[in-house]
Amino acid sequence: MKILITKDYEDMSMQAFKIMKKVVTERPCATLGLATGSTPVGMYRLMAKDHAENGTSYKKIKTVNLDEYVGLDRSSGQSYISFMHDNLFDSIDIDHDNINIENGKAADRKAECERYNRLLESMQQDIQVLGIGSNGHIAFNEPGTPFGSVTHIVDLTESTIADNARFFNDPREVPKQAFTMGVKNIMNAKKILILASGSNKAKAVKGLVSGPVSEDLPASVLQLHPDCTLVCDEAAAALLEQVRD
Ligand code: F6R
């Protein structure tokens, strides 16, 4: 795993943006695997700024998002599809037909998981962006999720619900379930870019980099990926020093 430790969140976002821009420039029809949450927002802002100032085009780019809350769709401000429009898609020239994410409102949830798996099989991610949960989850693959998992529905853990409550007016509004790409779908990406910022991620980052590869800490599977880059700020990297000792 390649590790880049940056001074702060802004610097992490800039390093991540540079990696993303290289992919988009070298392969204008690339498939980008994208994540929601606070961590990639700075990178998305830089992508939008670069599009506005330098005309980097996303016209032929396709995207696949990691996850979506069960029961929410575009009409809900808290859905992940809304988040992606607000933070990136509405600020770049992407063809909206090329945007892919699970349908949180799908009536047949099993069929929706199967549809998404077929889609992922037909379009390998050239790069997959990931954040990391404070419990080591990637996408919504919570501790204990089999490494062989593909798109499925998860019951969110109490810690994930608590972490995500900040995006909702009332913590009771946080959905209890989500659709998520499985670990196997993520590992299928040609390149992985995992980002982490803040001291609340330090323990998970330590497990990601040097813990045993174990389903107890889903992110640790990335140690097995042939092209994975971790970009994290000093606060998130705080426990890595001890690892090197
Ligand atoms: C988001 C996702 C989650 C987040 C993780 C970190 O699509 O799949 O795994 O990446 O929960 O969230 P933030 O970035 O808000 O700390």
Side-chain angles (χ1 to χ4, degrees), residues 6 8-10 12-13 16 20 32-45 63-70 72 76 78-89 99-104 116 120 125 127-145 149-168 171 174-187 189 192-205 207-208 215 217-222 228-233 235-237:
T6 65
D8 53 21
Y9 179 82
E10 268 64 47
M12 178 203 76
S13 302
M20 186 58 111
L32 311 181
L34 300 178
T36 55
S38 313
T39 314
V41 167
M43 177 186 73
Y44 293 153
R45 230 178 262 139
T63 64
V64 284
N65 257 84
L66 289 172
D67 36 25
E68 179 60 283
Y69 288 121
V70 166
L72 304 191
S76 159
Q78 274 81 29
S79 67
Y80 281 171
I81 184 62
S82 296
F83 176 98
M84 289 307 303
H85 277 279
D86 294 348
N87 287 285
L88 181 66
F89 296 152
I99 294 170
N100 298 284
I101 186 165
E102 299 95 330
N103 174 10
Y116 211 61
L120 293 170
Q125 307 95 306
I127 184 167
Q128 176 65 59
V129 177
L130 297 173
I132 184 168
S134 55
N135 64 0
H137 74 211
I138 46 174
F140 276 133
N141 295 290
E142 303 282 13
T145 309
S149 61
V150 291
T151 306
H152 61 289
I153 292 191
V154 288
D155 295 328
L156 302 178
T157 62
E158 285 306 319
S159 83
T160 298
I161 291 170
D163 281 351
N164 291 358
R166 67 189 188 281
F167 293 110
F168 292 78
V174 185
K176 304 285 183 285
Q177 287 188 312
F179 287 96
T180 183
M181 261 189 218
V183 176
K184 192 174 166 198
N185 303 123
I186 292 170
M187 288 296 277
I192 303 238
L193 171 60
I194 182 160
L195 310 178
S197 169
S199 55
N200 61 324
K201 301 294 174 71
K203 203 162 159 242
V205 166
L208 153 69
E215 289 170 356
L217 196 131
S220 65
V221 74
L222 300 174
C228 177
T229 302
L230 162 68
V231 185
C232 64
D233 63 15

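Counting starts at 1 for both ligands and their atoms, in listed order. The figures here come from the full heavy-atom set of this structure, side chains too, leaving out hydrogens, waters and symmetry mates.
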Participant: How about Asn164 and Arg166: do any of their side-chain heavy atoms sit closer than 4.5 Å?
Facilitator: yes

Participant: I want to check something: taking the side chain as every heavy atom from C-beta on, are Ile99 and His85 in contact at a cut-off of under 4.5 Å?
Facilitator: yes

Participant: Distance to 0.1 Å, residue and atom name: give those for the protein heavy atom nearest to atom 5 (C) of ligand 1.
Facilitator: His137 NE2, 3.4 Å

Participant: For the side chain to side chain contact (heavy atoms under 4.5 Å, CB included) test, which of Ile132, Thr229, Leu130 pairs with Leu222?
Facilitator: Leu130

Participant: Could you give me the CA-CA distance, side-chain angles and deciding distance for Phe168 and Tyr69, then say whether ring pair (Phe, Tyr, Trp, His ring centres under 6.0 Å) is met?
Facilitator: CA-CA 13 Å; Phe168 292 78; Tyr69 288 121; 5.8 Å; yes

Participant: Quick one: look up the protein heavy atom nearest atom 6 (C) of ligand 1 and list residue, atom name and how far away it is.
Facilitator: Ile132 O, 3.4 Å

Participant: Output yes when the distance from some N or O of ligand 1 to some N or O of Ala139 is under 3.5 Å, and no in every other case.
Facilitator: yes

Participant: Report yes or no: does Arg166 have a heavy atom closer than 4.0 Å to ligand 1?
Facilitator: yes

Participant: What protein heavy atom sits nearest atom 1 (C) of ligand 1, and how far off is it?
Facilitator: Thr36 OG1, 3.2 Å

Participant: Identify the protein heavy atom lying closest to atom 10 (O) of ligand 1, giving its residue, its atom name and the separation to 0.1 Å.
Facilitator: Gly131 CA, 3.3 Å

Participant: Will you find, in the side chains of Thr151 and Glu102, an N or O donor that is under 3.5 Å from an N or O acceptor?
Facilitator: no

Participant: Would you mind checking which non-hydrogen protein atom is closest to atom 14 (O) of ligand 1, with the distance to 0.1 Å?
Facilitator: Thr39 OG1, 2.4 Å

Participant: Which atoms of ligand 1 sit under 4.0 Å from any heavy atom of Gly37?
Facilitator: 14 (O), 15 (O)

Participant: Are Ser79 and Glu68 packed together at the side-chain level, in the sense that at least one heavy-atom pair is separated by less than 4.5 angstrom?
Facilitator: yes

Participant: How far is atom 16 (O) of ligand 1 from the closest protein heavy atom, and which atom is that?
Facilitator: Lys201 NZ, 2.6 Å

Participant: For His152 and Asn141: C-alpha separation, side-chain torsions, deciding distance, then whether side chain to side chain contact (heavy atoms under 4.5 Å, CB included) applies.
Facilitator: CA-CA 9 Å; His152 61 289; Asn141 295 290; 3.1 Å; yes

Participant: Using distance alone, decide if ligand 1 has a nitrogen or oxygen within less than 3.5 Å of any nitrogen or oxygen in Asp67.
Facilitator: yes

